[in-house]
Amino acid sequence: MDNLRNYIHALVDFSTDSWHLLQPALTLRNFKKNDLLLEQGKVCNSLFFIDKGYCRSYYVIDGTVKNTGFFFENDIATNIQSFGSGQKSEFNIVACEDLRTIIFDKSTLFELAAQAIEIERLGRHCIRQFASRQEEFANLFKLYSAAERLSYLERKYPEILQRVPLSQLASFLGVARETLSRIRRRRLNS
């Protein structure tokens, strides 16, 4: 739980009392590679703090997997729309490696947030940070070509390129695997 505690302190001022109060909302859970953290069609009632390993969000359309996000150590993974609204998730979140998470239970977190301003503030900051990153990635598709998106990831998120298989990365960038290979070859040859 040290990584989570450091993550929280980087976001907000958080007292020892609030840390102790938060404990009933937290559950340490391990997932094996390919285990689902969240299944499409189910309501997301958790925030998943990634302590070790990584996971990805994806959906399948016409038999094709579309990757929408990757979450590494010290990231929060969730479906923000489902978490906030109680609607069913439109995508899955799956462990890509053996994964250790600390799960924030929504109902307990909300109860505790009503009791302690620091916990309420923490929840807002976690959601805001998650939403900001989702918007950042959505803007990549509005503003940049596939080659520019790849360059952006190399600069800002090198762990994605180091740990994510090429086929999953291509799906995330919105191109065919062959197109991504061509882009990478051109860049190496220039």
Side-chain angles (χ1 to χ4, degrees), residues 7 11 29 31-104 106 123-184:
Y7 174 84
L11 288 178
R29 177 144 180 226
F31 294 89
K32 295 283 185 201
K33 182 178 181 178
N34 298 321
D35 284 352
L36 288 175
L37 286 72
L38 174 65
E39 187 175 352
Q40 184 177 350
K42 304 255 173 107
V43 175
C44 181
N45 290 311
S46 303
L47 301 176
F48 301 92
F49 175 79
I50 309 305
D51 191 50
K52 185 174 184 334
Y54 83 95
C55 59
R56 67 184 167 98
S57 56
Y58 73 95
Y59 62 94
V60 179
I61 188 163
D62 297 328
T64 303
V65 173
K66 303 288 185 177
N67 291 298
T68 59
F70 297 96
F71 307 94
F72 297 89
E73 290 85 359
N74 300 314
D75 282 341
I76 295 281
T78 193
N79 179 328
I80 198 167
Q81 182 177 357
S82 178
F83 184 84
S85 70
Q87 295 176 354
K88 294 177 181 176
S89 176
E90 295 177 345
F91 59 81
N92 301 291
I93 300 176
V94 65
C96 297
E97 300 174 340
D98 287 348
L99 189 67
R100 185 172 58 231
T101 66
I102 300 168
I103 300 173
F104 289 75
K106 177 183 173 177
R124 276 190 292 116
H125 280 285
C126 286
I127 296 298
R128 184 180 306 130
Q129 187 173 46
F130 182 87
S132 177
R133 184 167 175 190
Q134 293 300 103
E135 184 176 356
E136 174 187 12
F137 286 138
N139 284 337
L140 287 177
F141 290 90
K142 296 176 193 169
L143 304 173
Y144 300 112
S145 69
E148 291 168 328
R149 290 192 295 269
L150 178 61
S151 179
Y152 184 87
L153 291 180
E154 286 173 337
R155 283 190 320 276
K156 294 263 313 194
Y157 300 99
E159 68 275 9
I160 291 177
L161 300 172
Q162 294 163 2
R163 293 170 72 182
V164 172
L166 198 58
S167 59
Q168 292 179 7
L169 180 62
S171 168
F172 180 68
L173 291 172
V175 297
R177 187 174 193 269
E178 298 76 22
T179 302
L180 180 57
S181 293
R182 274 195 302 277
I183 291 168
R184 293 176 80 194

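- For Ser89, the side-chain contact (heavy atoms from CB on, under 4.5 Å) partners at least two apart in sequence or on another chain are Leu38, Asn79, Ser82, Phe91.
- For Lys32, there are no salt bridge (charged side-chain N to carboxylate O under 4.0 Å, His left out) partners two or more places apart in sequence or in a different chain.
- At a threshold of 4.5 Å between non-hydrogen side-chain atoms, the residues Leu161 and Leu150 count as touching.
- The line from NZ of Lys42 to NZ of Lys88 is 10.0 Å long, rounded to the nearest 0.5 Å.
- Among all heavy-atom pairs drawn from Ala77 and Ile50, the shortest one is CB-CD1, 4.3 Å.
- Rounding to the nearest 0.5 Å gives a distance of 14.0 Å between CG of Leu169 and CZ of Arg163.
- The salt bridge (charged side-chain N to carboxylate O under 4.0 Å, His left out) test applied to Glu159 returns no partner, not counting sequence neighbours.
- Looking only at distances, no side-chain donor or acceptor of Glu73 sits under 3.5 Å from a matching main-chain atom of Tyr54.
- Using a 4.5 Å heavy-atom cutoff, the side chains of Phe71 and Leu99 are not in contact.
- No side-chain N or O of Ser181 forms a donor-acceptor pair with one of Arg184 less than 3.5 Å apart.
- Formation of a donor-acceptor pair under 3.5 Å by the Arg149 side chain with backbone atoms of Leu173 is found in this model.
- Atom CZ of Phe48 and atom CD1 of Ile93 lie 6.0 Å apart (nearest 0.5 Å).
- Closest approach of Ala95 to Cys55, counting heavy atoms only: CA-CB, 4.0 Å.
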Quiz: residues 58-67 side-chain donor-acceptor pairs under 3.5 angstrom, not counting sequence neighbours:
residue : atom : partner : partner atom : Å
Asn67   : OD1  : Arg56   : NH1          : 2.6
Asn67   : ND2  : Gln168  : O            : 3.2
Asn67   : ND2  : Ser171  : OG           : 3.3

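- A distance-only check finds no donor-acceptor pair linking the side chain of Arg29 to the backbone of Thr101 [under 3.5 Å].
- Residues satisfying the salt bridge (charged side-chain N to carboxylate O under 4.0 Å, His left out) test with Glu148, not counting sequence neighbours, are none.
- Heavy-atom minimum distance, Thr78 versus Cys44: OG1-SG, 3.2 Å.
- Using a 4.5 Å heavy-atom cutoff, the side chains of Ile103 and Phe49 are not in contact.
- In this structure, Leu153 and Phe172 have side chains that are in contact, with non-hydrogen atoms separated by less than 4.5 Å.
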Compile the donor-acceptor pairs under 3.5 Å between side chains in residues 129-138 and protein atoms, sequence neighbours left out, one pair per line.
residue : atom : partner : partner atom : Å
Gln129  : OE1  : Tyr7    : OH           : 2.8
Arg133  : NH1  : Asp75   : OD1          : 3.2
Arg133  : NH1  : Asp75   : OD2          : 2.8
Arg133  : NH2  : Phe70   : O            : 3.3
Glu136  : OE1  : Tyr157  : OH           : 2.6
Glu136  : OE2  : Tyr152  : OH           : 2.3
Glu136  : OE2  : Tyr157  : OH           : 3.2

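- Taking CD1 from Ile102 and CG from Asp51, the interatomic distance works out to 5.0 Å, rounded to the nearest 0.5 Å.
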